[in-house]
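The figures here come from the full heavy-atom set of this structure, side chains too, leaving out hydrogens, waters and symmetry mates. Remember, it's a predicted structure, so these values are computed and weren't measured experimentally.
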Amino acid sequence: METIEKTIGQIVADNYKTAAVFESFGIDFCCKGNKTIDEACDEKSISKTLLIHDLNKVTLLKNENNTNEDYNSWEPSRLAEHIENKHHKYVEEKTPLIKQYLNKICQVHGHKHPELHTINELFGESAWDLAVHMKKEELILFPFVKRLALVQNKQTSSLGKQAFGSIQNPVDVMKHDHTIEGERFEKITQLTNNFTPPPDACNTYKVTFAMLKEFVNDLHLHIHLENNVLFPKAIELEEKLRQTNFTDRK
């Protein structure tokens, strides 16, 4: 009953392994993680009984062997540092390689599979937008999250004057960017037939699709950690600090 009442984003925040279950049913847990199980099942015409059954199996496995990171227990500053060091670096490292492979298979297979050109174009747009997006986080949002930690630990007494005002404002911008990326990669997923290479695919073709699939999976976790874990925690912490006399100096 507790699981049914939570949003999908909250469920995945509690146990990331449930993400694989939602993905197997075609349910978006990151950009559209504010829906309940009932709402998602109704929208997709999915059996709630089957979904709950699979979620329960994952929960039992977690209880038996709880070796996954409990991101929901992390402080916002630690989450921000983890996201930057792991997921931002992953995007920076993988993007040029995937672009190189996509260009190659477009040249070789593009005449038989014209959808590859669209996939290549969409990924190129994403690569540019993600680079800008991550820099905004690294230069504006994440430093403020780390400042929240300094104030919380009484290493400084002021949050300082921020051009963006409340943290809710840059968070809203980041979440809007995430929605755009979610929609873009949903198109890529459809165009690749869920990253399934066609019968005539060469090894490079297969490797490219495998890399794209891995990239999307990492991006899903990346967005999930921000939308459903980091952002709510940071917003809550800022509000708490402002209400307990850690106000900005005038």
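- The main-chain N or O of Leu116 is never found under 3.5 Å from a side-chain atom of Asn120 such that the two would form a donor-acceptor pair.
- A donor-acceptor contact closer than 3.5 angstrom is absent between the side chains of Gln10 and Asp14.
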Dump the intermediate steps for side-chain contact (heavy atoms from CB on, under 4.5 Å) on Tyr71 and Leu230, then the final yes or no.
CA-CA 9 Å; Tyr71 296 114; Leu230 173 62; over 6 Å; no
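- Side-chain contact check for Val108 versus Cys202: every heavy-atom pair is 4.5 Å or farther apart.
- Put simply, the side chain of Lys44 gets close to the backbone of Gly26: a donor and an acceptor are under 3.5 Å apart.
- To the nearest 0.5 angstrom, Thr18 atom OG1 is 11.5 Å from Asn56 atom CG.
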Original post:
Passes side-chain contact (heavy atoms from CB on, under 4.5 Å), Gln168 versus Val171? Steps please.
Top reply: CA-CA 5 Å; Gln168 183 71 59; Val171 161; 4.2 Å; yes
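- Here Ile223 contributes atom CD1 and Met174 contributes atom CE; the two are 12.0 Å apart, rounded to the nearest 0.5 Å.
- Both Leu130 and Leu102 are part of a single hydrophobic cluster, where members link through side-chain heavy atoms under 4.5 Å apart.
- Within the model, atoms CG of Leu225 and CZ of Phe231 stand 10.5 Å from one another, a figure rounded to the nearest 0.5 Å.
- Between Lys94 and Asp218, none of the side-chain N atoms (NZ, or NE/NH1/NH2) sits under 4.0 Å from a carboxylate O, so this pair counts as no salt bridge.
- If you chain together hydrophobic residues whose side chains sit under 4.5 Å apart, Val58 and Leu50 fall into the same group.
- Using a 4.0 Å cut-off between charged nitrogen and carboxylate oxygen, Glu183 and Lys187 do not count as a salt-bridge pair.
- The stretch residues 188-206 participates, sequence neighbours left out, in these side chain to side chain donor-acceptor pair (under 3.5 Å) pairs: His113-Asp200.
- Salt-bridge annotation for Glu138 and Lys135: present, with a side-chain N of the basic residue lying under 4.0 Å from a carboxylate O of the acidic one.
- Checked by atom type and distance alone, the side chain of Lys233 pairs as donor or acceptor with a backbone atom of Asn72 at under 3.5 Å.
- Classification of Lys89 and Glu92 as a salt-bridged pair fails, no side-chain N sitting under 4.0 Å from a carboxylate O.
- A donor-acceptor pair shorter than 3.5 Å cannot be found between the side chains of His133 and Asp129.
- In this structure, Gln152 contributes its side chain and Leu237 its backbone to no donor-acceptor pair below 3.5 Å.
- Looking only at atom types and distance, the side chain of Glu137 has a donor-acceptor partner in the side chain of His88 under 3.5 Å away.
- A distance-only check finds no donor-acceptor pair linking the side chain of Asn228 to the backbone of Ala13 [under 3.5 Å].
- Expressed to the nearest 0.5 Å, how far NE2 of His117 lies from CD of Gln107 amounts to 9.5 Å.
- The shortest distance between side-chain heavy atoms of Val173 and Leu141 does not fall below 4.5 Å.
- Aromatic ring orientation, Phe209 versus Phe195: perpendicular (interplanar angle above 60°, classes split at 30° and 60°).
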